[in-house]
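Notes follow the structure.
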Amino acid sequence: FESCLPSWVLTGAPAYHLILEGILILWIVRLLFSKTYKLQERSDLTLKEKEELIEEWQPEPLVPSVPKDHPALNYNIVSGPPTHIITVNGKECINFASFNFLGLLNNEKVKSAAQASLKKYGVGTCGPRGFYGTFDVHLELEERLAKFMRTEEAIIYSYGFATIASAIPAYSKRGDIVFVDEAACFAIQKGLQASRSNIKLFKHNDMADLERLLKEQETEDQKNPRKARVTRRFIVVEGLYMNTGDICPLPELIKLKYKYKVRIFLEESLSFGVLGEHGRGITEHFGINIDDIDLISANMENSLASIGGFCCGRSFIIDHQRLSGQGYCFSASLPPLLAAAAIEALNIMEDNPDIFQTLRTKCERIHKALQGISGLKVVGESFSPALHLQLEESCGSRENDVKLLKRVVDYCMNSGIALTQARYLEKEEKCLPPPSIRVVITVEQTEQELDKAASLLKEAAQSVLN
Amino acid sequence: MLVAVLTYVGYGVLTLFGYLRDFMRQWKIEKCQNATEREEQKDFVPLYQDFENFYNRNLYMRIRDSWNRPICSVPGAKVDMMERVSHDYNWTFTYTGRVIKDIINMGSYNYLGFAQKTGPCQEAAAKVLSQYGAGVCSTRQEMGNLDKHEELEKLVARFLGVESAMAYGMGFATNSMNIPALVGKGCLILSDELNHASLVLGARLSGATIRIFKHNNMQSLEKLLKDAIVHGQPRTRRPWKKILILVEGIYSMEGSIVRLPEVIALKKKYKSYLYLDEAHSIGALGPSGRGVVDYFGLNPEDVDVMMGTFTKSFGAAGGYIGGKKELIDYLRTYSHSAAYATSMSPPVVEQIITSVKCIMGEDGTTIGRARVQQLAENTRYFRRRLKEMGFIIYGNEDSPVVPLMLYMPAKIGAFGREMLKRNIGVVVVGFPATPIIESRARFCLSAAHTKEMLDTVSLSSCLPSAHNIKNVYIPLKRKCMIISENFFFPAITIPVLV
């Protein structure tokens, strides 16, 4: 018996050593055979109880009912094309509500280019860009846009809203930091939500507030430099804000960009085709080198009077969206007739650079004429073609304000000027703007019409608000 | 089994070569050809992490010419493609200026053949274009609601057999903007494993809890439903406000059709709501082309939210949602798209109106009916032919989406190129749209394809000298004999690697 014991036992390992090991082995055996406890509690409900719970559970209705007189439920019905003279709900009016800034919606050349494309390609593209949905018109439009904006490359989306909402999540991921203006439009908000990044809002056009946030971020970074080296930072601003009608201070933003090493994404839906000597947007307006802006995104639904949107910038940045822009890869491409219409509209913009100055003059005219209306204040820059008219004093609740403004709008519609209230999703917006009437100026409106609109608004405000 | 191993080996070899090339690029032995950051911004935090782009640089670049092929004619049964060549292994392309004519198009979603440049649809669209113009320049809630949109919505509601419908400008956006309007925090979304990116994005943006059930697996769905109602919300144990089940009519990568009768039975039993995305199935399934509900002969009112797109079977663009009047009224008020996105372009709307009328037979002809039947015949015939030849085909017998399994990474590129040489355009898909070892070629059948075209395609797919993908066994999950000719794998991989 002694010969089969290991030698160290015989030579005399201390007794306590053996006893300890024996206890350990017994403990292990016990653990192996004992019942395991799951961390998640298993329900001890019987089958009958489960069935009762399933019987009792009542879900909410799929959608709550909407009151019949909800202001957003009853749409204006436009019969015929939404051009300069528009027939709304049966009445003929002058259109001050469609974003047709350069009047290209009814342009014969644009229409005939679209007709030619329709005859060649039919209507739909029947596929996303990756699977036989890339047409030569798409490639041509991308080249033309890149050349017009003087960037290396451009990419087209088939829906204006989806453009910025797909572009932001393609670059900014979870853990990255985005500084965005409070008055950013809903599409930007959705893009930010989809990106799951940290959002930091700064007060509208307040560079001091933005710098404060950037400084705070810098001190955070110094605490954790390793993390800071991989956290991307972006500033998202709009050229001409849809919700407030003013422009962002781009030169200061560029300074902040190089000081704190943040990239800038510029959303130019309203300023493309409006600002700048040749309509190239806010970079031309301020005379800034376009390469300083990392990404410019715009939709083609305002000045270009087509459908869709585009992003432009350096190839280094834009090429990434071709594989990771959700609205680009997983969605059908833009119908060729709309792309052809956009190309023709670009041609017209390039051939007639004086329309931008004409538009600006008209904007300034009406901006001046609308000052001094009792009860309504004008919100927006003097050269912005999309203004807001807000109530000077709110009457207590948003609902009542909306009703009051509706009466003003109805008065104007009955007298031949088509206006609309700016529509928002009240529960979804991060910073809900106050209710307002949207006034849109286009090059097609004559000076008499502008004066008529201004005087009519004065009358309406007089009769409704006093 | 053998194929799985060889596929992994293939990917492994490619990955090794990828690391080698990256190493050579970093040490400047090889020229780096992708675009780089600006000099002034070199000290910014890098925009892309190197690893994210590894797949892009090393695997995708090799076979990049199978995708984004530019065409220059109507995407019908035959299409003209612009020829492009690459002198630097797919980093850049140049167009030779030549046009390859009459390629049989098996890639466009043209199920009923409405992608035409002549015919009543095109004429009606042209008339509306000259009257209304191309754009709208306003949102639905402001000044963008044209009489054409109202007409379209009434027609779509009638076509689907529901009370009311609403149309949107983009199919992807229809999902991503309306699911958040329907469900929110405190609700539960049960989504199929293989749902489209738009459904996944919509579910994420809504803020609801998402649980995934196995593809088309009713037991998995039932288990999730039971657990959800019995246990309530994860930590607070409060009951869920609503449960929404997201399924698609036809899954575009699998070709499988949802088990709608069973899903509806489950939905009724557990009092949840059903959201059916008929992007591929509307117009393509069913004796009268009204989608998967028609195919199974069920009542459209059982489906709470019927969503679909106009891009595939109607040859236009956009999406719709149909359902009860309260649902649509709610969406008119609270949908993100109605308040912030431009409405649909009038000629596109007219194309949809004309094609829907054609399918319903209201334009006085039987063209619509004939096309629906032609598509069903084409589907059956093509699937039978391919199965006879011994390919592995996924999906339901009646679905016009036919995925043909390739598995090997080398075959993805080879199949696409060889078919193009024979004047056939196919779509090949690999990772990340499909699981990494299940790459496939996908054929989308159309009512415009003739029997001769289908014969040409099926014959070309199996010329042995081309690509040796003839596998005569049933997919990996089930067991059977393996007679595969994968010895040629190295012969194809090596030219692709170099």
Atom group of [X] that falls short of 4.5 Å from chain B, counting heavy atoms:
{"X": "Arg129(A)", "answer": "both"}
{"X": "Leu337(A)", "answer": "side chain"}
{"X": "Glu428(A)", "answer": "side chain"}
{"X": "Ala162(A)", "answer": "side chain"}
{"X": "Leu104(A)", "answer": "neither"}
{"X": "Asn299(A)", "answer": "neither"}
{"X": "Asp291(A)", "answer": "both"}
{"X": "Val440(A)", "answer": "neither"}
{"X": "Arg438(A)", "answer": "side chain"}
{"X": "Glu152(A)", "answer": "neither"}
{"X": "Phe101(A)", "answer": "neither"}
{"X": "Val78(A)", "answer": "both"}
{"X": "Leu338(A)", "answer": "side chain"}
{"X": "Asn302(A)", "answer": "backbone"}

Inter-residue atom distance Leu304(A).CG - Cys137(B).SG, 0.5 Å rounding
9.5 Å

Taking atom CG of Leu47(B) and atom CZ of Phe234(A), what is their separation to the nearest 0.5 Å?
5.5 Å

For [X] against [Y], the heavy-atom pair lying closest together:
{"X": "Asp304(B)", "Y": "Leu62(A)", "value": "CB-CD2, 3.9 Å"}
{"X": "Met166(B)", "Y": "Tyr75(A)", "value": "CE-OH, 3.7 Å"}
{"X": "Pro70(B)", "Y": "Leu139(A)", "value": "CB-CD1, 3.7 Å"}
{"X": "Gly122(A)", "Y": "Val74(B)", "value": "N-CG2, 4.2 Å"}
{"X": "Pro75(B)", "Y": "Phe135(A)", "value": "CD-CZ, 3.7 Å"}
{"X": "Lys111(A)", "Y": "Leu129(B)", "value": "CD-O, 3.6 Å"}

[X] portion near chain A, given a 4.5 angstrom heavy-atom threshold:
{"X": "Leu225(B)", "answer": "neither"}
{"X": "Ala317(B)", "answer": "side chain"}
{"X": "Tyr111(B)", "answer": "neither"}
{"X": "Gln141(B)", "answer": "both"}
{"X": "Ser355(B)", "answer": "neither"}
{"X": "Ser335(B)", "answer": "backbone"}

For chain A, which candidate among [options] shows the most heavy-atom pairs at distances under 4.5 Å?
{"options": "Asn110(B), Val426(B), Thr118(B)", "result": "Val426(B)"}
{"options": "Gln351(B), Gln41(B), His196(B)", "result": "Gln41(B)"}
{"options": "Tyr273(B), Tyr60(B), Tyr334(B), Trp67(B)", "result": "Tyr273(B)"}

Does the side chain of [X] reach to within under 4.5 Å of the side chain of [Y], using non-hydrogen atoms?
{"X": "Lys119(A)", "Y": "Gln122(B)", "result": "yes"}
{"X": "Met143(B)", "Y": "Pro82(A)", "result": "no"}
{"X": "Cys444(B)", "Y": "Phe131(A)", "result": "no"}
{"X": "Pro347(B)", "Y": "Leu118(A)", "result": "no"}
{"X": "Phe172(B)", "Y": "Ser158(A)", "result": "no"}
{"X": "Pro64(A)", "Y": "Tyr330(B)", "result": "yes"}
{"X": "Glu40(B)", "Y": "Tyr258(A)", "result": "yes"}
{"X": "Phe114(B)", "Y": "Cys126(A)", "result": "no"}

Check the pair Val45(B) / Lys261(A) against side chain to side chain contact (heavy atoms under 4.5 Å, CB included), numbers first and verdict last.
CA-CA 8 Å; Val45(B) 175; Lys261(A) 314 240 185 299; over 6 Å; no

Go through the steps for Leu425(A) and Tyr340(B) under the test side chain to side chain contact (heavy atoms under 4.5 Å, CB included), then give the verdict.
CA-CA 9 Å; Leu425(A) 284 176; Tyr340(B) 295 105; 3.8 Å; yes

Leading residue by heavy atom contact count with chain B [cutoff under 4.5 Å; candidates [options]]:
{"options": "Gln58(A), Glu52(A), Lys68(A), Arg196(A)", "answer": "Arg196(A)"}
{"options": "Lys190(A), Met242(A), Arg233(A), Gln421(A)", "answer": "Lys190(A)"}
{"options": "Pro169(A), Gly127(A), Ala72(A), Ala422(A)", "answer": "Ala72(A)"}
{"options": "Glu49(A), Glu429(A), Met300(A)", "answer": "Glu429(A)"}
{"options": "Ala114(A), Ala341(A), Ser315(A), Ser65(A)", "answer": "Ala114(A)"}
{"options": "Lys257(A), Glu426(A), Lys427(A), Arg229(A)", "answer": "Lys257(A)"}

One pair to check against side chain to side chain contact (heavy atoms under 4.5 Å, CB included): Val123(A) and Cys121(B). What are the steps and the verdict?
CA-CA 9 Å; Val123(A) 176; Cys121(B) 297; over 6 Å; no

When the ring planes of Phe186(A) and His336(B) are compared, do they come out parallel, tilted or perpendicular, using 30° and 60° as the limits?
perpendicular

Please, which pairs that meet salt bridge (Lys or Arg N to Asp or Glu O under 4.0 Å) have at least one residue in residues 332-346 of chain B, sequence neighbours excluded?
Glu153(B)-Arg332(B)

Do Tyr159(A) and Ser337(B) pass the side-chain hydrogen bond (donor to acceptor under 3.5 Å, both in side chains) test, and can you show the C-alpha distance, the side-chain angles, and the key distance before you say yes or no?
CA-CA 11 Å; Tyr159(A) 204 48; Ser337(B) 167; 3.2 Å; yes

Would you please test Met177(B) and Phe161(A) for side chain to side chain contact (heavy atoms under 4.5 Å, CB included) and show each step?
CA-CA 10 Å; Met177(B) 294 200 210; Phe161(A) 189 101; 3.2 Å; yes

Under the side chain to side chain donor-acceptor pair (under 3.5 Å) test, residues paired with Asn145(B) that sit two or more places apart
Arg140(B), Glu150(B)

